[in-house]
Q: 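Input: one structure, supplied below.
To find a chain, count down the sequence lines: A is the first, B the second, and so on, and within it residues start at 1. Since the structure is predicted, the reported quantities are computational estimates derived from the model, not experimental observations.
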Amino acid sequence: MNNSEVCVSIRNVSKSFGKHPVLQNINLEMYEGEIFGLLGPSGAGKTTLVKELAGLDEPTEGENFLFQQKMPSLQLIKRIGYMAQSDALYEDLSAKENLQFFSELYGLKGQKQAQRINEVMELVQLSGDTTKLVTNYSGGMKRRLSLAIALLHEPELLILDEPTVGIDPVLRKSIWKAFTDLKTQGKTLIVTTHVMDEADKCDRLGLIRDGKLIAVGTPKELKEQTNASTIEEAFLAFGGAEQ
Amino acid sequence: MRVMALVKRILRQLVRDKRTIGLLIFAPILVLTMLYFVFNGNDYIPKIGFVDVPEMITAQIDTDGAEVTTFKSETEAMEKLNSQELDGYLKFEGNNPSIVLEGSDPSITGATMKWLQNALPKPPQAVELPELQIDYLHGSSDMGQFDYFGPVLLGFFVFFFVFLIAGVSFLRERTTGTLERLLASSLRKWEIIAGYVIGFGLFTMIQSTIITAYAIFVLDMVMEGAFIYVLLIILILALTALTLGILLSSFAHNELQMMQFIPIVVVPQVFFSGLFNLETVAEWLSWISYLTPLYYAAEALRDVMVRGAGWEAIYPNVLVLLAFCLLFIAINILVLRKYRKI
């Protein structure tokens, strides 16, 4: 893993809203072709960090580099697929119309557009519901459609903020299978989660608590370092050492 | 091209939302129709009582245009006045006429007075004055209140509804997170605003044509100038409303807060737009009218519709409106920096 190229490099990044610090001096590198999990309780600063990586926010101090170039940049944004915590769909349009709209924003047209729409909808298992209005979608379906939109333009880097919230275990498994498929295609994935059992499926993990990065490593390393049998225990051990 | 994707999506959402379309088109039509009937209703017929009016005088009074009742005593007339069955009564003490009015509604009082002044016999004049010849530079003797207010109201309704709908739909874009998603694609900030302006602009063009045509051809609103100028003014006014609505939606957290802008931003414009004579407004307040887009639109609309003016008369006002619009667009792009710096 470590001999692949650095895809994301977070250097001395701090962020505060007013006087309230959200991120404190984060240093982290992610490599091409890995699934990197950002694990931490809600309010830990995960979303702020991934928003900075997606170009929607800027650090107060420090710098973020993507593909060895400094963020934010419109050229880099094109190479990212970002899925926010909210579904961000037009509920009064059908799934297909949503996909058409976003693919046009990415310059996909005609045959190519139709083909990509089919591919992503198959990937998230919504092929049968493309003509339905999004209002009539269930929470899990919306989440998957949102993921499909993030995948439309075949981004090299996928930033997914809590992608499996509200999705049942069976579907969650199939979505994680899709993630590994994307990984084998050479994509890099950054996934935030507060669900500990998902963390095990990531190649490497960054544990975040109160805006600080408390540990980085493969799930196995983290467990070994703390003599823990689960990630949850490992997280507690790292968090406990901090206090 | 990406702008057109946005335009297509906005129009698609609008077309699907039948209620909003109804609000944008039929609400102004409904309100204008009601105002038409309110302003152009029949003249009020005052109800007048006579107390002790000498027969010599009653014979000379032409009772047309009023409902006259004769009373034997003043107490009786007073009772009727109290229960509002009478608007006023005329009494004579010797040779001196006097009038007692109910007086709670100025317009009824006015009508009563007007009738009485016309009806009471005048002392014979020494010289008969020749009848005054009246010429109109603009308008005519049969131009009513509705014709004078009409252009302002037309502008107001378009402004009001476009402001509200555009503001709310941009607010939704923000609260549902789709704005963030747009910005997470490499769409530029000006492209988002341009998409909104073109999308709503196209729709407003249809909306204004329908409403204006209805006002002019069905409600017979006075129309001296060219239809195309009216459309042009209304379209630019609508774009001003649109960009202002989008701008203010950034300061609202939900739909209710968007509504709260109506009494602050929209309603005051009515008072300073020329619906009421601006020269009678207190001087220290009258500068406000220069800050309200509706003032310039109303002025231009009146020039075209009432005074039959052409481009050379309306272009200063049109340019000011355009300037408002561009200013709001510029501020909007700046405000979007809050969501993405580049």
Q: What are the two closest heavy atoms between A:Ala84 and B:Glu180, and how far apart are they?
A: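 Looks like CB-OE1, 3.4 Å.
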Q: Flag the one option from B:Arg340, B:Arg2, B:Arg16 with the top tally of heavy-atom pairs under 4.5 Å to chain A.
A: B:Arg16
Q: Report the option among A:Leu89, A:Ile80, A:Ile149 that has the most heavy-atom pairs separated by less than 4.5 Å from atoms of chain B.
A: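 Highest number of pairs under 4.5 Å: A:Ile149.
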Q: Less than 3.5 Å apart, any donor N or O on the side chain of A:Ser146 or B:Arg181 sitting next to an acceptor on the other?
A: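 A pair is found: one side chain offers a donor N or O, the other an acceptor, under 3.5 Å apart.
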Q: What is the distance from atom CG of B:Leu187 to atom CD1 of A:Ile77, rounded to the nearest 0.5 Å?
A: 10.5 Å
Q: Is A:Lys187 atom NZ crowded by more than 12 heavy atoms from other residues, nucleotides or ligands, each under 6.0 Å away?
A: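 Yes, because the 6.0 Å sphere around NZ of A:Lys187 holds more than 12 heavy atoms from other groups.
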Q: Pick one of side chain, backbone, both or neither for B:Glu173, based on which atoms fall under 4.5 Å of a heavy atom in chain A.
A: side chain
Q: Can you tell me if CD1 on B:Ile264 sees more than 12 non-hydrogen neighbours from other groups inside 6.0 Å?
A: yes
Q: Report all side-chain donor-acceptor pairs from residues 291-298 of chain B shorter than 3.5 Å, counting only partners two or more places apart or in another chain.
A:
from     : atom 1 : to       : atom 2 : distance (Å)
B:Thr292 : OG1    : B:Ser289 : O      : 2.8
B:Tyr296 : OH     : B:Tyr290 : O      : 2.8

Q: Output the distance between atom CE (B:Met4) and atom CD (A:Glu104), rounded to the nearest 0.5 Å.
A: 10.0 Å
Q: Around atom CZ of B:Phe217, are there more than 12 heavy atoms from other residues, nucleotides or ligands closer than 6.0 Å?
A: yes
Q: Heavy atoms only: give me the nearest A:Ser86-B:Gly177 pair and the separation to one decimal.
A: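 Heavy atoms only, the tightest pair is OG-CA, 3.9 Å.
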Q: Using a 6.0 Å cut-off, check whether atom CD of A:Gln111 has over 12 heavy atoms from anything other than its own residue.
A: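 At most 12 heavy atoms, drawn from other residues, nucleotides or ligands, come within 6.0 Å of this atom.
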Q: Quick one: what part of B:Leu179 sits under 4.5 Å from any heavy atom of chain A, side chain, backbone, both or neither?
A: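 For B:Leu179, there is no contact with chain A at all, as no heavy atom is under 4.5 Å.
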Q: Pull out the residues in residues 11-24 of chain A that come under 4.5 Å of chain B, heavy atom to heavy atom, sorted by number.
A: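 Answer by number: none.
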Q: Using non-hydrogen atoms only, which part of A:Tyr106 is less than 4.5 Å away from chain B: side chain, backbone, both, or neither?
A: side chain
Q: Just do the side chain to side chain contact (heavy atoms under 4.5 Å, CB included) check on B:Thr176 and A:Tyr90 with the steps written out, would you?
A: CA-CA 8 Å; B:Thr176 58; A:Tyr90 297 103; 5.7 Å; no
Q: For atom NZ of A:Lys96, is the number of surrounding heavy atoms from other residues, nucleotides or ligands below 6.0 Å larger than 12?
A: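 No - once you tally the heavy atoms of other residues, nucleotides and ligands closer than 6.0 Å, there are 12 at most.
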Q: Does this structure show an ion pair linking B:Arg12 with A:Glu97, if we count only N-O contacts that are shorter than 4.0 Å?
A: yes
Q: Rounded to the nearest 0.5 Å, what separation is found between the OG atom of B:Ser185 and the CZ atom of A:Phe101?
A: 8.0 Å
Q: For B:Gln260, look at atom CD and say whether over 12 heavy atoms of other residues, nucleotides or ligands are found less than 6.0 Å away.
A: yes
Q: Non-hydrogen atoms of chain A under 4.5 Å away: do they reach the side chain of B:Arg172, the backbone, both or neither?
A: neither
Q: For B:Lys8, is it the side chain, the backbone, both or neither that has a heavy atom under 4.5 Å from a heavy atom of chain A?
A: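 For B:Lys8, the contact with chain A is made by the side chain alone.
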Q: Answer whether the closest heavy-atom distance between the side chains of A:Asp57 and B:Tyr339 falls below 4.5 Å.
A: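 A side-chain contact under 4.5 Å is absent here.
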Q: Once you round to the nearest 0.5 Å, how far does CZ of B:Arg9 lie from CG of A:Leu105?
A: 8.5 Å
Q: Under a 4.5 Å heavy-atom cut-off, does chain B meet the side chain of A:Asn98, its backbone, both or neither?
A: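 The answer is neither part of A:Asn98.
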